[in-house]
Number of protein chains: 2
Amino acid sequence: MKKNEEIQLINADQKFEEFLKLKELKYTSERKLILKAIFSFDKHFNVEELFEKLREQGNHISRATIYRAIPLLLQSGLITEALHCQDKTSYENVFNREHHDHLVCTNCGKIIEFYNEKIEKLQEEVCRQHNFVPIEHRLGIKGYCEDCYKKLKK
Amino acid sequence: MKKNEEIQLINADQKFEEFLKLKELKYTSERKLILKAIFSFDKHFNVEELFEKLREQGNHISRATIYRAIPLLLQSGLITEALHCQDKTSYENVFNREHHDHLVCTNCGKIIEFYNEKIEKLQEEVCRQHNFVPIEHRLGIKGYCEDCYKKLKK
DNA sequence: ATGATATTGAGACTTAATTGCAATGAAAAA
DNA sequence: TTTTTCATTGCAATTAAGTCTCAATATCAT
Ligand SMILES: [Mn+2]
Ligand SMILES: [Mn+2]
Ligand SMILES: [Zn+2]
Ligand SMILES: [Zn+2]
C-alpha cells in the first residue's frame, strides 16, 4: 500500500468510527478489515469481489457481515452505489473524492468523469421547485467517445 | 381506454410489429397483449405489476413470456429501464412521450418527473467539451418527497 | 472485570430472473 | 389449402443476489 493511500485509510477509518459511535454501533475488527479491503481496490467493487479480496488478505469474513456493513458505509458517506453493471450492485469508494458524473462510451466502455457546477445548481433548483429533499443523484450520459466516433464514421 | 390512448397503442403496435419483422421474429398474441397491458399503465410498471394487470384483463400469460418480451420492447425503443426502486427492476412506457428525468423518493417510492431545458443544454455543452457524441442519458435524483420529509422530521 | 447488547458466521430462506423442454402456433413455402 | 419449419409458449426446475434466524461471541460503558 502506498503512503498516501495509507493516510487516506487512517482518515476514512476515523470517519467510520465517528459515524458508528454516533449511531451507538461498534467498530469491530471485521468492519475495520472491510474498510481496509475497500481501499485496496482502485475504486469500484462489488460484494463478491470484496469477499474474495478479504480472503486473499487472509481474512475470512462472511458475506452476511459484508452485506450488513454496506448500508453503514453508504450512510457514512464513504462509498456510494455505482451504476448497475449487469446484475450485481457495485459500489465506489468516494472518500475524499470530489463528486462527479459520467460519460460512458457504449462502444469501448471508456468512462470520462466530469463535473459541471451549473448542472449541480440547477438540480438543486429543480428539487426546491418540487419541495423535494435530495440525498444523492446520478447523471450518466451514454454515447461515443472521440476515438470510437471517428472509427465508426468510416 | 381513452381515444388517444387507443391511437397511441395502434401506432406502438405497428412499431413493434415492424421491429419484430426486421428481426425475423413473430408478433404473437401474447406479445400484443403485453403491449396493450403496458399502455393501460399510467407510465411506470414492473414485471409483477404487468403480470397482475394481464390477469385482471383476463389473460394468463406466464412470467417467463413477459420476461422474454422485455428485452424486445427495450430494443425496439418502446420502453426504457427506469431507476431501480428497491429490489425490482421497473420500466417506463416512452413511446411518443417527451424525454424527462426523475426525482425518486427513497422512502415511499414516489416518482416525480421533471424536464429542465437548461440542464439538457448544459449536458450537450459538456459533451462538446469532451468531443463526446451523446446517444442518451439518465439523471436520477434520490431523496425525500415533501410528505415523507415532513413525516420523518417528527 | 462485569454486564448489557451489538455483532458475527453459517446456513436456511426469499425472490427476481433465467433456462430446459415438450407442446403449440405463426407464417413462409409448396 | 396443406405442409413444413422453427420461433414461441407455459411450466417447473434452477440460479444467484440479497436477507434473515439464531446461538455463540465481541465490544464497550460502567
Ligand atoms: Mn452531478
Ligand atoms: Mn434529461
Ligand atoms: Zn469509446
Ligand atoms: Zn416519499
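Naming convention: chains lettered A, B, ... in sequence-line order (proteins, then strands); numbering from 1 in each chain.
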- Can B/K53 and B/E49 be counted as an ion pair, charged N to O under 4.0 angstrom? no
Detail all sub-3.5 Å separations between protein N/O atoms and N/O atoms belonging to nucleotides 25-27 of chain D.
unit_1, atom_1, unit_2, atom_2, d
D/dT27, O2, A/K26, NZ, 2.7

- Task: Show your reasoning for whether salt bridge (charged side-chain N to carboxylate O under 4.0 Å, His left out) applies to A/R97 and A/E92.
- Result: CA-CA 10 Å; A/R97 294 201 70 238; A/E92 183 175 358; 3.6 Å; yes
- Starting from P on D/dA7, measure out to CG on B/L20 and report it in whole angstrom. 13 Å
- Task: Specify the separation, in whole Å, of atom NZ of A/K32 and atom P of C/dT7.
- Result: 13 Å
- Query: In terms of the nearest nucleotide of DNA chain C, which residue is placed more toward the 5' end: B/E17 or A/A64?
  - Reply: A/A64
- No-H, no-angle donor-acceptor pair, A/R63 side chain to C/dG11 base, under 3.5 Å: no
- Between A/Y67 and D/dG18, does any side-chain N or O lie under 4.0 Å from OP1 or OP2? yes
- What orientation do B/F41 and B/F45 show, parallel under 30°, tilted 30 to 60°, or perpendicular over 60°? parallel
- Message: Pairing donors with acceptors under 3.5 angstrom, does anything connect the side chains of B/E117 and B/Y115?
- Response: yes
- Task: Return the orientation label for the A/H44 and A/H102 ring planes: parallel under 30°, perpendicular over 60°, tilted otherwise.
- Result: tilted
- Task: Give me the bend of the helix from C/dA1-D/dT30 to C/dA30-D/dT1, using the axes of the five pairs at each end, rounded to 10°.
- Result: 40°
- Query: Should A/K21 and A/E17 count as an ion pair when the cut-off is N to O under 4.0 Å?
  - Reply: no
- Please check if any side-chain donor atom of B/N131 sits under 3.5 Å from a side-chain acceptor atom of A/Y149, or the reverse. no
- Is a donor-acceptor contact shorter than 3.5 angstrom present between the side chain of A/R68 and the base of D/dG18? no
- Message: Assess, by modelled atom type and distance only, whether the side chains of A/K23 and A/Q75 contain a donor and an acceptor separated by less than 3.5 Å.
- Response: yes
